[in-house]
There are 2 protein chains.
Amino acid sequence: MPEPSVVLIEDEPQIRRFLRATLTGQGYRLFEATTGADGIVEVGSRQPDVVVVDLGLPDMDGLEVIRQLREWTDVPVIVLSARGEERDKVTALDAGADDYVSKPFSAGELLARIRVALRHTAGASHEADAATFEVGELQVDLLHRRVFVGEQEVRLTPIEYKLLTTLVRHAGKVVTHQQLLREVWGPVHTDQAHYVRVYMAHLRHKLEAEPARPRYLLTEPGVGYRLAAD
Amino acid sequence: MPEPSVVLIEDEPQIRRFLRATLTGQGYRLFEATTGADGIVEVGSRQPDVVVVDLGLPDMDGLEVIRQLREWTDVPVIVLSARGEERDKVTALDAGADDYVSKPFSAGELLARIRVALRHTAGASHEADAATFEVGELQVDLLHRRVFVGEQEVRLTPIEYKLLTTLVRHAGKVVTHQQLLREVWGPVHTDQAHYVRVYMAHLRHKLEAEPARPRYLLTEPGVGYRLAAD
DNA sequence: GGGAGTCGTAAAAGGACCGTAAAAACTCGC
DNA sequence: GCGAGTTTTTACGGTCCTTTTACGACTCCC
């Protein structure tokens, strides 16, 4: 893992400053959001290794944030809360949180619990995170953000690239329209199913020898798309 | 998971009794040890889903138990401790513990944290193993959403696939018309019994060598259908 | 033997989904 | 504020899927 990234969803400026200093000081890449809605978008676009979320947010219940995240990602979620009562802990953990830290908390403990979360994902994602993906003539270098067909490099727009890497991350498995829309365009646009169709056409045009009879970017009618795995 | 099992390493009889009542009451299979050495042996022989260990043990430091376990197993370890200071938590978590609960602790919180640990292992093993169902020539890969008859892949429409997987989930058992309609078409269409007949015909046509005398998709007259289990 | 209910099959009607193209709106550097 | 490149929106034809309907075969019970 190069440098692990964290999305912090926290509205109180004081705590945010404190955690910013703590986390960046430890070498984490930090992305911040001050509302639940922003936080969910941020998680979708940054694909962090850990999420730290405060339960007391202005716009929506922290629990609701967890539930919405859990609909499409297994990223470890650590809850911060001013309340330390059993009921709150149990509710949050059962909603999908992986850990619960009561305020006032110490930096050391939070860091240690983040390390635990990272340990979990490090073990789990062995298959997924090769820095480069290959199938047939197609080659995706995730580290340098470059894509080749045979010897020829192909230029992709930001959305094209993101769509492709989303498929790469689930190579061989079907990715639903919903999932693609959520991970590429953000959770707000999950009803714009035609985005995917248009961009899949773009990608096929750039990557496939015969766009009409694709070898890599396969359609799963009524469900979504799949990137051929071999 | 049939009934999750827990190894409890705890020397104080009172806490042991308390946790025995709590855990067995929740349906967990519980194995107990009163010393670190016994505990390690117990984990080795029982292969539990979770280990709960008290840091203050008579024979060896609880930290040492964790380190020795970590040399050969990734089983989730939840630490109980009378001490709640940062240093202790950080040390235990970095030694390989997955969670840390300070005494006095509530039964509800410990149970919730055990559920979190079980969720992790459940997710991890889901991907790897039995995501695929097999009977005779028929093979259903639930992870990749693909179906084979012998070597040949079979393309299924969304409803065909959903109907098949509903049967797979109850393989060997009878699934009633009502149940199939509810799980595939939704609770609104439970009176459209002919849907099932039509689609069962489609499936048999695609999956069976002799659709008229099915080997896998069996009719239970007057009740529903059953997928042969072997 | 006849009738009611259930099951399997076939095929037609209607609708949903997919691929494609192209226009409109937007973004950014200059 | 101009222009190239990118994203969003719109429209349409074709294909595949779902739903609907119809009918013959079978079973169970009378």
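Throughout, protein chains are lettered first and strands after them, A, B, ... in sequence-line order, and every chain is numbered starting at 1. All heavy atoms count here, side chains included; hydrogens, waters and symmetry mates do not.
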Nearest heavy-atom neighbours spanning A:Ile66 and A:Ala95
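That closest heavy-atom pairing would be CG2-O, 3.5 Å.
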Whole-Å distance between [N] [atom2] and [X] [atom1]?
X	N	atom1	atom2	result
A:Leu181	C:dC18	CG	P	11 Å
A:Met200	C:dC17	CE	P	16 Å
A:Arg197	C:dA16	CZ	C1'	10 Å
A:Leu217	C:dG19	CG	P	10 Å
A:Leu180	C:dC18	CG	P	11 Å
B:Ile159	C:dA16	CD1	P	13 Å
B:Tyr199	C:dC7	OH	P	19 Å

Any idea how B:Tyr195 and B:Trp185 line up, ring-wise: parallel (<30°), tilted (30 to 60°), or perpendicular (>60°)?
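Rings of B:Tyr195 and B:Trp185: tilted, 30 to 60°.
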Which class fits the ring pair B:Tyr225 and B:His177: parallel under 30°, tilted 30 to 60°, perpendicular over 60°?
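Rings of B:Tyr225 and B:His177: perpendicular, as their planes differ by over 60°.
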Side-chain ion pair, [X] and [Y], N-O less than 4.0 Å:
X	Y	value
B:Lys89	B:Glu86	no
B:Glu183	B:Arg169	yes
A:Asp11	A:Arg16	no

Gap separating the OG1 atom of A:Thr132 from the CD atom of A:Gln139, nearest 0.5 angstrom:
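The distance works out to 5.0 Å.
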DNA chain D: B:Pro158 or A:Thr157, which has the more 5' nearest nucleotide?
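Comparing both residues, the 5'-ward one is A:Thr157.
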How is [X] classified with respect to the nucleic acid when contacts are heavy atoms under 4.0 Å: base, sugar-phosphate, or nothing?
X	answer
A:His194	base
A:His205	nothing
B:Arg213	nothing
A:His189	nothing
A:Glu160	nothing

Determine to 10° how strongly the helix from C:dG1-D:dC30 to C:dC30-D:dG1 is bent, judged from the axes of its five-pair ends.
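Angle reported: 40°, given to the nearest ten degrees.
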So among A:Asp98, A:Val50, A:Val51, which one has a side-chain contact (heavy atoms from CB on, under 4.5 Å) with A:Ile78?
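Per the side-chain contact (heavy atoms from CB on, under 4.5 Å) rule, the option paired with A:Ile78 is A:Val50, out of A:Asp98, A:Val50, A:Val51.
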Nearest to the side chain of B:Val198, heavy atoms from C-beta on, is which of C:dA10, C:dT20, C:dC7?
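Output: C:dA10.
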First encountered from the 5' end of DNA chain C, between A:His177 and A:His202:
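It is A:His177 whose nearest nucleotide is closer to the 5' end.
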Is it true that A:Arg182 and A:Thr73 share a donor-acceptor pair across their side chains at a distance under 3.5 Å?
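No - no donor-acceptor pair under 3.5 Å links their side chains.
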Is there a donor-acceptor pair closer than 3.5 Å between any side-chain N or O of A:Glu220 and the backbone N or O of A:Arg226?
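Side chain of A:Glu220 to backbone of A:Arg226: no pair is present.
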Within the pair B:Arg204 and C:dG8, is there a side-chain N or O less than 4.0 Å away from OP1 or OP2?
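For C:dG8, OP1 or OP2 has a side-chain N or O of B:Arg204 closer than 4.0 Å.
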Are OP1 or OP2 of C:dG8 and a side-chain N or O of B:Tyr195 less than 4.0 angstrom apart?
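So the side chain of B:Tyr195 is outside the cut-off, no N or O lying under 4.0 Å from OP1 or OP2 of C:dG8.
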Under a criterion of less than 4.0 angstrom to any heavy atom of chain A, what are the 5'-terminal and 3'-terminal contacting nucleotides of DNA chain D?
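For DNA chain D, the relevant span reads D:dT6 to D:dT10.
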